[in-house]
Protein chains: 2
Amino acid sequence: MREKELRRSMSVLPIGTVMKLTDLTARQIRYYEQQGLIKPSRNEGNRRMYSLNDVDRLLEIKDYLDEGLNISGIKEVYRKQSQLEAEKKKRQEKNLTDSDVRRILQDEFMNIAGLKPPSSTFNNPNDYTKFNS
Amino acid sequence: MREKELRRSMSVLPIGTVMKLTDLTARQIRYYEQQGLIKPSRNEGNRRMYSLNDVDRLLEIKDYLDEGLNISGIKEVYRKQSQLEAEKKKRQEKNLTDSDVRRILQDEFMNIAGLKPPSSTFNNPNDYTKFNS
DNA sequence: CAAGTGATGTTAGATTTTATGACATTAAGT
DNA sequence: ACTTAATGTCATAAAATCTAACATCACTTG
């Protein structure tokens with residue numbers, strides 16, 4: 001699934017192709033970029049290169065505009081979206097490090113106990129207070 | 001899955017992008033086209049436009065050449081491949097039309113019998129000789 | 001209503017990309 | 001050595017894109 005995401009984020013399309021795929025004019029596409037709604041990359045010759053994700057976003061923008069939202073409103077939408085995603089990511093990261101910490105501490109136990117899993121003879125196995133900070 | 005195939009066969013990439021994706025020169029890409037190994041479409045301005053399938057095929061061609069096969073040999077490979085696929089398709093088509101015929105005839109039975117499935121009171125349900133021509 | 005603003009159209013001039021065709025080169029096979 | 005297949009290189013023309021500026025059009029608002 002990583003490879004697919006890579007492909008979708010690879011900047012391979014010139015603006016002419018994007019115009020056809022989105023039915024937008026070059027003027028519109030560049031304007032939305034100027035407004036910060038998309039960030040196409042540039043090739044060595046300074047030509048804008050777009051990804052499939054960019055195309056998707058442009059189609060979204062079109063829909064939002066058709067629905068009466070203006071560009072500031074669309075910016076708001078994306079601002080909130082990326083904020084939510086950032087929080088989600090943060091939570092996931094935190095969970096990962098938490099379980100990492102547990103695993104690492106457990107490994108340490110095993111080392112101290114001579115490569116054996118922690119047992120009741122070592123200490124109270126129900127005392128997890130140290131790991132719940 | 002149809003949509004995916006459509007995307008893969010959509011001609012959206014200019015030759016510059018294909019050069020980067022395949023690490024081939026424009027000269028090579030055009031030469032392979034001249035030899036009939038790929039058939040990119042053209043846009044209104046006569047520029048070649050490539051699909052992801054084209055890119056895949058170009059990468060294949062590269063591999064074949066690296067393996068010592070020459071272009072005639074590669075043509076052979078693809079000739080045989082498409083021949084096999086045509087046969088397969090033909091078989092599938094034949095199967096499809098056969099079952100289609102059965103379904104259609106069964107519908108006709110139902111109509112004649114007054115929207116009821118064919119029964120033994122209508123005729124011998126095991127007499128399928130008519131459909132096996 | 002006149003003025004301001006947001007979104008888009010249009011145009012000009014410069015730069016980049018691609019197309020075609022010709023000729024050159026290089027490696028391999030006979 | 002001579003051919004041939006695959007590729008490189010170059011010149012010239014056309015197409016695509018860039019930037020920047022000015023124009024238009026529909027709304028909104030004082």
Side-chain angles (χ1 to χ4, degrees), chain A residues 10-79, chain B residues 10-79:
Chain A
M10 275 185 10
S11 298
V12 293
L13 308 173
I15 200 171
T17 293
V18 176
M19 289 172 63
K20 284 175 203 155
L21 293 179
T22 62
D23 203 38
L24 292 168
T25 66
R27 184 68 166 89
Q28 288 174 303
I29 296 171
R30 297 198 195 103
Y31 182 64
Y32 303 153
E33 174 187 356
Q34 195 185 336
Q35 299 302 313
L37 292 177
I38 50 173
K39 310 199 191 317
S41 58
R42 301 287 185 121
N43 71 1
E44 317 72 45
N46 197 37
R47 268 81 235 275
R48 290 173 178 83
M49 299 300 284
Y50 299 85
S51 68
L52 289 179
N53 282 332
D54 290 330
V55 172
D56 281 348
R57 170 156 291 208
L58 286 170
L59 291 172
E60 267 184 32
I61 293 171
K62 246 183 75 162
D63 286 345
Y64 282 135
L65 289 174
D66 283 348
E67 288 170 15
L69 211 54
N70 66 10
I71 291 199
S72 302
I74 300 176
K75 274 194 243 186
E76 270 298 298
V77 169
Y78 288 137
R79 207 184 48 70
Chain B
M10 276 183 12
S11 298
V12 292
L13 306 174
I15 199 170
T17 293
V18 176
M19 290 171 63
K20 283 177 203 153
L21 292 180
T22 61
D23 203 38
L24 293 168
T25 66
R27 182 68 166 91
Q28 289 174 302
I29 296 170
R30 296 196 196 106
Y31 182 65
Y32 302 153
E33 174 187 355
Q34 194 186 337
Q35 299 301 313
L37 292 177
I38 51 173
K39 309 198 190 316
S41 57
R42 301 286 184 121
N43 71 1
E44 316 72 45
N46 198 37
R47 267 83 235 278
R48 290 172 179 84
M49 299 299 287
Y50 299 85
S51 69
L52 289 178
N53 282 333
D54 291 329
V55 172
D56 282 347
R57 170 157 289 208
L58 286 170
L59 291 172
E60 267 184 31
I61 294 171
K62 246 183 76 162
D63 286 345
Y64 282 134
L65 289 174
D66 283 347
E67 287 170 17
L69 211 52
N70 67 8
I71 292 198
S72 303
I74 300 176
K75 275 194 244 185
E76 270 298 298
V77 169
Y78 288 136
R79 207 184 49 71

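In the text below, chain A, chain B and the rest are named by the order of the sequence lines, each starting its count at 1. Here the structure is a predicted model, which is why all the values come from computation and not from measurement.
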Roughly, in whole Å, what's the span from [atom1] in [X] to [atom2] in [N]?
{"X": "Q35(B)", "N": "dT4(D)", "atom1": "CD", "atom2": "P", "value": "15 Å"}
{"X": "I61(A)", "N": "dG6(C)", "atom1": "CD1", "atom2": "C1'", "value": "15 Å"}
{"X": "Q34(A)", "N": "dT8(C)", "atom1": "CD", "atom2": "C1'", "value": "12 Å"}
{"X": "Q28(A)", "N": "dT10(C)", "atom1": "CD", "atom2": "C1'", "value": "14 Å"}
{"X": "E33(B)", "N": "dA19(C)", "atom1": "CD", "atom2": "C1'", "value": "11 Å"}
{"X": "L24(B)", "N": "dT7(D)", "atom1": "CG", "atom2": "P", "value": "8 Å"}

Measuring from [X]:[atom1] to [Y]:[atom2], what's the distance to the nearest 0.5 Å?
{"X": "I38(A)", "Y": "R30(A)", "atom1": "CD1", "atom2": "CZ", "answer": "11.0 Å"}
{"X": "T17(A)", "Y": "R47(B)", "atom1": "OG1", "atom2": "CZ", "answer": "12.5 Å"}
{"X": "I71(B)", "Y": "L37(B)", "atom1": "CD1", "atom2": "CG", "answer": "6.0 Å"}

4.5 Å side-chain heavy-atom contact, [X] and [Y]:
{"X": "L58(B)", "Y": "V55(B)", "value": "no"}
{"X": "L52(A)", "Y": "L13(A)", "value": "yes"}
{"X": "Y32(B)", "Y": "Q35(B)", "value": "no"}

So what does T25(B) touch, heavy atoms closer than 4.0 Å: a base, only the sugar-phosphate, or nothing? sugar-phosphate
Letter by letter from the 5' end, nucleotides 16-22 of chain D scores (B base, S sugar-phosphate only, - none; protein heavy atoms under 4.0 Å) BBBB---
Per-nucleotide protein contact string for nucleotides 25-30 of chain D, where B marks a base within reach and S marks sugar-phosphate only (heavy atoms under 4.0 Å, - for neither): ------
Check: residues 20-29 of chain B side-chain donor-acceptor pairs under 3.5 Å, at least two apart:
{"residue": "K20(B)", "atom": "NZ", "partner": "E44(A)", "partner atom": "OE2", "Å": "3.0"}
{"residue": "T22(B)", "atom": "OG1", "partner": "V18(B)", "partner atom": "O", "Å": "2.7"}
{"residue": "T22(B)", "atom": "OG1", "partner": "L24(B)", "partner atom": "N", "Å": "3.3"}
{"residue": "T25(B)", "atom": "OG1", "partner": "Q28(B)", "partner atom": "N", "Å": "3.1"}
{"residue": "T25(B)", "atom": "OG1", "partner": "Q28(B)", "partner atom": "OE1", "Å": "3.3"}
{"residue": "Q28(B)", "atom": "OE1", "partner": "T25(B)", "partner atom": "N", "Å": "2.9"}

Are Y32(A) and dT8(C) close enough that a side-chain N or O sits under 4.0 Å from OP1 or OP2? yes
Taking only the side-chain nitrogens and oxygens of Y31(A), find out if one of them lies under 4.0 Å from OP1 or OP2 of dT8(C). no
Taking every heavy atom of P14(A) against every heavy atom of Y50(A), the minimum-distance pair comes out as C-CD1, 4.2 Å
Global bending angle along the helix from dC1(C)-dG30(D) to dT30(C)-dA1(D), which compares the axes of five pairs at either end, to 10 degrees: 20°
Pairs meeting criterion salt bridge (Lys or Arg N to Asp or Glu O under 4.0 Å) with involvement of residues 66-76 of chain A, two or more places apart: E76(A)-R79(A)
Show me the pairs that pass salt bridge (Lys or Arg N to Asp or Glu O under 4.0 Å) and involve residues 48-63 of chain B, at least two apart or across chains. R8(B)-D56(B), E33(B)-R48(B)
